[in-house]
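For the single chain, residues carry numbers from 1 onward in sequence order.
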Amino acid sequence: MKRKWSLWRAALYGLILAVIAFAISNLADGGKDLSVWLHSRPDLMMSYFSERLLFAPTLFIVIAFIRNRFVKKSR
(Lines give C-alpha, C1' and ligand atoms only; values in the text may rest on other atoms or scores of the structure.)
Protein backbone atom coordinates (compact mmCIF):
# COMPACT_ATOMS: atom_id res chain seq x y z
CA MET A 1 0.00 0.00 0.00
CA LYS A 2 1.56 3.26 -1.11
CA ARG A 3 0.46 6.39 0.67
CA LYS A 4 1.04 9.93 -0.45
CA TRP A 5 3.76 11.91 1.27
CA SER A 6 2.84 14.94 3.32
CA LEU A 7 4.25 18.16 1.89
CA TRP A 8 4.48 19.65 5.38
CA ARG A 9 6.48 16.66 6.63
CA ALA A 10 8.77 16.89 3.60
CA ALA A 11 9.37 20.58 4.34
CA LEU A 12 10.09 19.80 7.99
CA TYR A 13 12.61 17.09 7.10
CA GLY A 14 14.25 19.42 4.61
CA LEU A 15 14.46 22.19 7.20
CA ILE A 16 15.99 19.83 9.77
CA LEU A 17 18.57 18.71 7.22
CA ALA A 18 19.34 22.31 6.25
CA VAL A 19 19.82 23.41 9.87
CA ILE A 20 22.14 20.47 10.56
CA ALA A 21 24.17 21.19 7.41
CA PHE A 22 24.27 24.91 8.31
CA ALA A 23 25.52 24.15 11.82
CA ILE A 24 28.16 21.71 10.59
CA SER A 25 29.45 24.14 7.96
CA ASN A 26 29.70 26.95 10.49
CA LEU A 27 31.43 24.75 13.04
CA ALA A 28 33.89 23.53 10.41
CA ASP A 29 35.18 27.02 9.61
CA GLY A 30 35.02 28.26 13.19
CA GLY A 31 32.08 30.58 12.51
CA LYS A 32 34.21 33.02 10.50
CA ASP A 33 31.83 33.09 7.55
CA LEU A 34 28.81 33.61 9.80
CA SER A 35 30.45 36.41 11.77
CA VAL A 36 31.21 38.30 8.55
CA TRP A 37 27.60 38.04 7.43
CA LEU A 38 26.17 39.05 10.81
CA HIS A 39 28.04 42.35 10.64
CA SER A 40 26.99 43.16 7.08
CA ARG A 41 23.85 44.79 5.76
CA PRO A 42 20.53 43.27 6.90
CA ASP A 43 19.30 42.61 3.36
CA LEU A 44 22.44 40.63 2.55
CA MET A 45 22.14 38.75 5.82
CA MET A 46 18.54 37.72 5.09
CA SER A 47 19.54 36.64 1.61
CA TYR A 48 22.37 34.55 3.02
CA PHE A 49 20.18 32.79 5.58
CA SER A 50 17.27 32.21 3.22
CA GLU A 51 19.61 30.81 0.59
CA ARG A 52 21.16 28.43 3.12
CA LEU A 53 18.01 27.38 4.97
CA LEU A 54 15.24 27.32 2.36
CA PHE A 55 16.81 25.35 -0.48
CA ALA A 56 16.53 21.90 1.11
CA PRO A 57 12.88 22.26 2.26
CA THR A 58 11.91 23.51 -1.18
CA LEU A 59 13.70 20.61 -2.84
CA PHE A 60 12.03 18.10 -0.51
CA ILE A 61 8.59 19.62 -1.24
CA VAL A 62 9.18 19.39 -4.99
CA ILE A 63 10.28 15.75 -4.68
CA ALA A 64 7.24 14.87 -2.53
CA PHE A 65 4.90 16.68 -4.94
CA ILE A 66 6.32 14.85 -7.96
CA ARG A 67 6.14 11.50 -6.15
CA ASN A 68 2.54 12.17 -5.11
CA ARG A 69 1.54 12.88 -8.70
CA PHE A 70 2.76 9.48 -9.88
CA VAL A 71 1.73 7.26 -6.95
CA LYS A 72 -1.40 5.26 -7.58
CA LYS A 73 -3.87 5.18 -4.73
CA SER A 74 -4.49 1.69 -3.46
CA ARG A 75 -7.88 0.72 -2.14
*asked:* I need the minimum non-hydrogen distance between Trp5 and Ile63, along with the two atoms involved.
replied: CZ3-CG2, 4.3 Å
_Minimal non-hydrogen separation, Ala18 against Leu53, with atom names_ = CB-O, 3.8 Å
*Any side-chain heavy atom of Phe60 sitting closer than 4.5 Å to one from Leu17?*
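Yes, side chains in contact.
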*Hey, quick one: are Phe70 and Val62 part of the same hydrophobic cluster, counting side-chain heavy atoms closer than 4.5 Å, chains of contacts allowed?*
yes
_Cluster check Ile24, Ile16: I/L/V/M/F/W/Y, side chain < 4.5 angstrom_ = yes
*Measure the spacing between CG of Asn68 and CD1 of Ile61 and express it to the nearest 0.5 Å.*
11.5 Å
*Separation of Lys4 NZ from Phe65 CZ (nearest 0.5 Å)*: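 Rounded to the nearest 0.5 Å, the CZ-NZ separation comes out at 9.0 Å.
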*Would you indicate whether Arg67, at its atom CZ, is surrounded by more than 12 heavy atoms from other residues, nucleotides or ligands within a distance under 6.0 Å?*
yes
